[in-house]
There are 2 protein chains.
Amino acid sequence: MANAYQRKKQPERVRQQLLEVAARLSLEQGIGAVTLDAVSQAAGVSKGGLLHHFPNKLALLDGLFDELVARFDRAIEEAMEGDDVERGRFTRAYLTVCFALDAEADGKGWQVLTIALLAEPHLKERWREWVARRADEFATTDSSPNCLLARFAADGVWLADLLESHEFDAATRALLFQNLKALSLQ
Amino acid sequence: MANAYQRKKQPERVRQQLLEVAARLSLEQGIGAVTLDAVSQAAGVSKGGLLHHFPNKLALLDGLFDELVARFDRAIEEAMEGDDVERGRFTRAYLTVCFALDAEADGKGWQVLTIALLAEPHLKERWREWVARRADEFATTDSSPNCLLARFAADGVWLADLLESHEFDAATRALLFQNLKALSLQ
DNA sequence: ATAAAGATACCGTCTGGACGGTTTGTCAAG
DNA sequence: CTTGACAAACCGTCCAGACGGTATCTTTAT
């Protein structure tokens, strides 16, 4: 730390570290805690260093968004692997991922996504693009009203997880999941 | 404006104006734009004046939350009036209100609720209380999994409206609404 | 092979502005 | 004449970003 000039350069590692730290900070202390100072310090980098990787704060949030969307995409793709029914496959994967998020260890880190998303009108736009791309991609298999409905419900459940507003028992939760999956097949 | 000492004193009016302005600001420019300076200025009041009505910023957000929840409650109650089927009545009202929000003129102002809600852990807690109270109140008529599901879907639709992430045609939207209402009756 | 010539990856400090909140003062109404 | 409803100036803090530097990588020319 004292002599960081000498230490090995590992830009990709540092960049990753910055994103991780930013996610963790926002999770633990709210989005307000994500300041350039706090993030850089927690990542063991100077503020100048942070600003080298992300030219401004918006770029940092963008990077965070990209990272999280990428994880989301991967999770969905993974969930689609083991499903050989075409109809509603994407929707079922979406359901699976959304319902699993609260249990998952690093799933908590996702929460920052929405917060930033809602706070930053700019990210709202990017999310819209994601939805549009996916809707287009799976138009032939997942565009039925029932699939749409199921995905909306998943969003609702995910929001409830985020806000911790509903106290489910696991059985009800599982039942909901089953019912929604059934909807995706009709 | 120049000489506000002379103008008629109308505390309730000013208070209301402050809340309205705060809602509008958060809607148009994000929650970050809701600063004491901006709100007070846009409401034609000095910052001292604002802080007379709301001793600190948290109190302002609280007031906003109260106002919005009150409107929500009123809207739900109103929607329940014309419904004489007991089973799922609350859920149908909830659906009606959520689906109507984007069309409503001042419905847009609601959006601030979530944003503030997600940003402020403190408001998250209060929202949880609202949900719990309602869930308890209508436990006998609206606690079925299908009702729960319908309400979650409504939340999802509402979120989509908020983020402007989905482009519905009116027909699909109406169909969703009908399907969900049907669910509340099963 | 190697040395010069950039390019890249950082560090540490400074600044200007925004923002929440305080204080003191002023006017009006009851 | 006391209290409530404001105004206006001010304070301390925090924060985004600029800036100028330094050390390490990579490429290129010889």
Side-chain angles (χ1 to χ4, degrees), chain A residues 1-22 25-26 28-65 112 115-116 119-123, chain B residues 1-22 25-26 28-65 112 115-116 119-123:
Chain A
M1 171 110 62
N3 213 347
Y5 282 134
Q6 272 84 346
R7 80 164 176 229
K8 192 124 194 279
K9 297 200 174 177
Q10 31 190 5
E12 205 43 55
R13 174 99 183 74
V14 168
R15 202 190 130 92
Q16 199 59 33
Q17 175 79 358
L18 285 167
L19 288 176
E20 273 174 36
V21 161
L25 269 180
S26 75
E28 288 170 1
Q29 310 187 44
I31 191 71
V34 181
T35 71
L36 297 188
D37 282 309
V39 172
S40 57
Q41 191 179 343
V45 176
S46 74
K47 187 148 75 167
L50 162 57
L51 283 168
H52 171 71
H53 289 281
F54 304 95
N56 52 48
K57 194 177 181 179
L58 218 100
L60 176 63
L61 294 183
D62 258 36
L64 208 48
F65 182 83
V112 68
I115 300 179
E120 293 285 331
H122 150 258
L123 291 180
Chain B
M1 172 109 66
N3 212 346
Y5 282 134
Q6 271 84 346
R7 81 165 176 231
K8 194 128 191 275
K9 297 201 173 175
Q10 33 191 3
E12 203 42 55
R13 172 100 182 74
V14 169
R15 200 191 131 92
Q16 199 59 33
Q17 174 78 358
L18 285 167
L19 288 176
E20 273 173 34
V21 161
L25 269 179
S26 76
E28 288 169 1
Q29 312 188 42
I31 189 71
V34 181
T35 71
L36 296 189
D37 282 309
V39 172
S40 57
Q41 191 181 340
V45 176
S46 74
K47 189 150 74 164
L50 163 56
L51 284 166
H52 172 70
H53 290 282
F54 304 96
N56 52 48
K57 192 177 182 178
L58 218 99
L60 175 64
L61 294 183
D62 258 37
L64 208 49
F65 182 83
V112 67
I115 301 178
E120 292 285 331
H122 150 258
L123 290 179

Asker: State the OG-NE2 distance between A:Ser40 and A:His52, to the nearest 0.5 angstrom.
Answerer: 14.5 Å
Asker: Rounded to whole angstrom units, what separation is found between the CG atom of B:Leu61 and the P atom of C:dC19?
Answerer: 14 Å
Asker: Rounded off to whole Å, could you give me the CG-to-P distance for the B:Leu60 and C:dG21 pair?
Answerer: 10 Å
Asker: Is A:His52 close enough to C:dT8 that one of its side-chain N or O atoms is under 4.0 Å from OP1 or OP2 there?
Answerer: no
Asker: The test is side-chain contact (heavy atoms from CB on, under 4.5 Å); show your working for B:Leu64 and B:Phe54 and say whether it passes.
Answerer: CA-CA 11 Å; B:Leu64 208 49; B:Phe54 304 96; over 6 Å; no
Asker: Please round to the nearest 0.5 Å and tell me the distance separating atom CG of A:Leu58 and atom CG of A:Leu123.
Answerer: 7.0 Å
Asker: Take atom CZ of A:Phe54 and atom P of C:dA9, then tell me their distance rounded to the nearest Å.
Answerer: 12 Å
Asker: At under 4.0 Å between heavy atoms, which parts of nucleotides 10-17 of chain D does protein reach? Answer with one letter per nucleotide, 5' to 3': B base, S sugar-phosphate only, - none.
Answerer: -----SBB
Asker: Given side chains that start at C-beta, do those of B:Val14 and B:Leu50 come closer than 4.5 Å, heavy atoms only?
Answerer: no
Asker: Provide the closest heavy-atom pair for B:Val21 versus B:Val39 in the form atom of the first, atom of the second, distance.
Answerer: CG1-O, 3.7 Å
Asker: Take atom CG of A:Leu50 and atom P of C:dG12, then tell me their distance rounded to the nearest Å.
Answerer: 14 Å
Asker: Measure the CG-CZ distance between B:Leu18 and B:Arg13 for me, rounded to the nearest 0.5 Å.
Answerer: 10.5 Å
Asker: Given atom CD of A:Glu12 and atom C1' of C:dC10, what is their separation to the nearest angstrom?
Answerer: 15 Å
